[in-house]
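A, B, ... follow the sequence lines: proteins, then strands. Residue 1 opens every chain.
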There are 2 protein chains.
Amino acid sequence: MVGKRTIARQSLPDVIADDLRERILNGELLEGETIRQGALAEEYDVSRMPIREALKRLDAEGLVQLTNNRGASVVKHSLSEIAEIFDLRILVEVDLYCRAIPAMTSKNFERCHKILNEMEASYDADDVAKWGELNYEYHSALYAAADRTLTNDLLRKVYLQSDRYVRMHLSVMQQREPAKEDHRMLLTFAQDQKIDEGRTVLIDHITRTKNQLLDMIATKRAV
Amino acid sequence: MVGKRTIARQSLPDVIADDLRERILNGELLEGETIRQGALAEEYDVSRMPIREALKRLDAEGLVQLTNNRGASVVKHSLSEIAEIFDLRILVEVDLYCRAIPAMTSKNFERCHKILNEMEASYDADDVAKWGELNYEYHSALYAAADRTLTNDLLRKVYLQSDRYVRMHLSVMQQREPAKEDHRMLLTFAQDQKIDEGRTVLIDHITRTKNQLLDMIATKRAV
DNA sequence: TAGTATAATATTGTATCCAATATCCACAAT
DNA sequence: ATTGTGGATATTGGATACAATATTATACTA
C-alpha cells in the first residue's frame, strides 16, 4: 500500500505464515488445536523447515503458542485476556489518534475518505475478512500522520488478535452499521482538530465491540 | 522468581538467544553490525539451525532485523524511534501502574520493598547488567497486581529496547540519585493509593531518562 | 483393577547437504 | 571517470537424514 514497493518478494515462510494466519483468523484452525509440523509440511508440499519458521513468526504475533519439545498450538485466550486485548487497542489507538490529529494534512484526510467510501461501498455480502482488512487500513490511515512506526507495528499485532475474535463471532452487519457513523465522526473531529471529542468516540467505538464480543463469547463458552 | 518453576529446561536456541541478547544489550554487538549465521554457528559450536531460530526470536523481540536473503543485523534505531520507545514505555507503564494500585496487597508492597533494597545495594557494586535486570523486576513487581499478562509481555519487549540504550550510556549517566528517589516515591504513592501523584512521578521518571539519553546519543552520533 | 514400568511410535530438534540468492571484483564500453 | 556486465565467492534458504524427546500402547506387579 501507499508507496512501499515490496522489493524482496516474499519467501516461503512468509506465504505459509500468511496462509496459516488467515486460517487461524477465519476459524478454520480452532483455538487450542495442536499443529503438527509434519502434517502441514505435507499439506503445503514443502519440508518441515519453512513450516517451523512460519510457526515461529505466528508465535511472535501471539496467534500460536510454541512449547519446547511439544510443538505448536493455536492460542486460546481467557475472557479476561480478550478484554485485555481490547484495552490495549484503546490504549494504543487513542495515543496514536491524538498524536496524529495535529499533524494531519489534506493528503491524510483524502486517503481516509477514500478508504471509508470503499468500505461503505463494498457491500460484498458478508466478506468478514475483506471488511476487517479495510477496517484496519482505515484506522491505520487515520494514525499515519503520527508517524510512529514502532507503535504501528505493535498495534498491528494487537489488532490481529482482536480481529480474530471479532471475525469468529461477529458478522459484518453487526459491526458495520454502528461503526459506520463512528468512522465518519473520527474523521470529522480530526479535521476539526477536536481531539477530546474524537478520543471519546474512539474509546466508545472500541469499547462497544469489546463488550458485544465478550457477551457473545461468554455465553458461547458457558455451554 | 516467584513460583514459576521452569519445568521445560531451555533448548539450544533459548540459551543462544539469551546469550546473544545479552551481547546486544551490553553493546558487544554494535548497532548496525551484520550477523553471520556461519560465524555464530562456529562460535557456539552448533549447526546453523539453532542459530537461525535464535535470531528469529531476537527478530521478534526487535533486537535484530532479518532481511530475506541477506541475513541479520543488529537493529539501529533513529533518534525519533528511541524517543518513541520511551513514549511507549510511558504509555504502557502508566496504564499498568494505575490499574495495579487499587489492587495491590501487602504482599505486593513487601516484594517491591525487597527488590528496592537489593537494587540500592547493587548501585554500589556498579553491576550495570544486574541493575538493569533488577530495575525491570522492580517495575514489574510494581505492576504485578494489575494482573495483565499480555500487557506485561508487551512491556518486556519495549523495556528490552530501552534497556539497551540505557545500558549503553548508564556508566556515564548521573541519573542514579533521582531514580532512587523516584522508585521510593512510586511505592509510597501506591501504598497511599495516590494514583495521580504516582502517575506524575512515573511519567517524569521515564521522561527524565529519555531526555538525558537522547541528548547523549545525539551528541555521540553527531560526531 | 489400579498403577507403574517399559517398549513402540510419533513428533520435534539438530546436523549435514544441496540449491537459490546476494555480494564482490575484474573488466569492458561509452 | 562512470556505468554496466559477467563470473567467482560468500551467505542464506530449503530438503533430507538422523538424534533427542514426548506420547501412546502394552505388559507386568501389587
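With hydrogens and angles disregarded, a donor-acceptor distance shorter than 3.5 Å links the side chain of A:Glu84 to the backbone of B:Leu150.
No hydrogens or angles considered: nothing links the side chains of A:Glu33 and A:Ser73 as a donor-acceptor pair under 3.5 Å. Using modelled atom types, one finds no donor on one side chain facing an acceptor on the other under 3.5 Å when comparing A:Tyr165 with A:His169. Side chains of B:Asn152 and B:Thr149: no donor on one and acceptor on the other come within 3.5 Å. Remark: the B:Arg164 side chain and the B:Ser162 side chain contain no N/O donor-acceptor pair separated by less than 3.5 Å.
You'll find the ring centres of B:His113 and B:His183 outside the 6.0 Å limit.
Atom CG in B:Leu40 sits about 12 Å away from atom P in D:dT11, given to the nearest Å. To the nearest angstrom, C1' of D:dA15 lies 15 Å from CD of A:Glu42. As rounded to whole Å, 18 Å separates atom P of C:dT12 from atom CG of B:Leu12. Atom P of nucleotide C:dG13 and atom CG of B:Asp14 are separated by 10 Å, given to the nearest angstrom.
Within the 4.0 Å cut-off from OP1 or OP2 of C:dA10, not a single side-chain nitrogen or oxygen of A:Gln37 is found.
Set against D:dT12, D:dT21, D:dG14, the side chain of A:Pro13 has D:dG14 as its closest nucleotide.
At the heavy-atom level, B:Ile35 lies under 4.0 Å from the strands shown only through sugar-phosphate atoms.
Projected onto DNA chain D by closest heavy-atom contact, A:Arg70 and A:Val46 fall at different nucleotides, the more 5' of which corresponds to A:Val46.
For the pair A:Arg167 and A:Glu22, the salt-bridge criterion is met [side-chain N within less than 4.0 Å of a carboxylate O]. One finds a salt bridge joining B:Glu43 and B:Arg23 here, because a Lys/Arg side-chain nitrogen approaches an Asp/Glu carboxylate oxygen to under 4.0 Å.
Of the residues in residues 47-57 of chain A, those lying under 4.0 Å from DNA chain C by heavy-atom distance are A:Arg48, A:Met49, A:Arg52.
B:Asp18 pairs by the side-chain hydrogen bond (donor to acceptor under 3.5 Å, both in side chains) definition with B:Arg21, not counting sequence neighbours.
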Could you go through nucleotides 5-7 of chain C and list every protein N or O atom that sits under 3.5 Å from one of its N or O atoms, giving the distance for each pair?
none

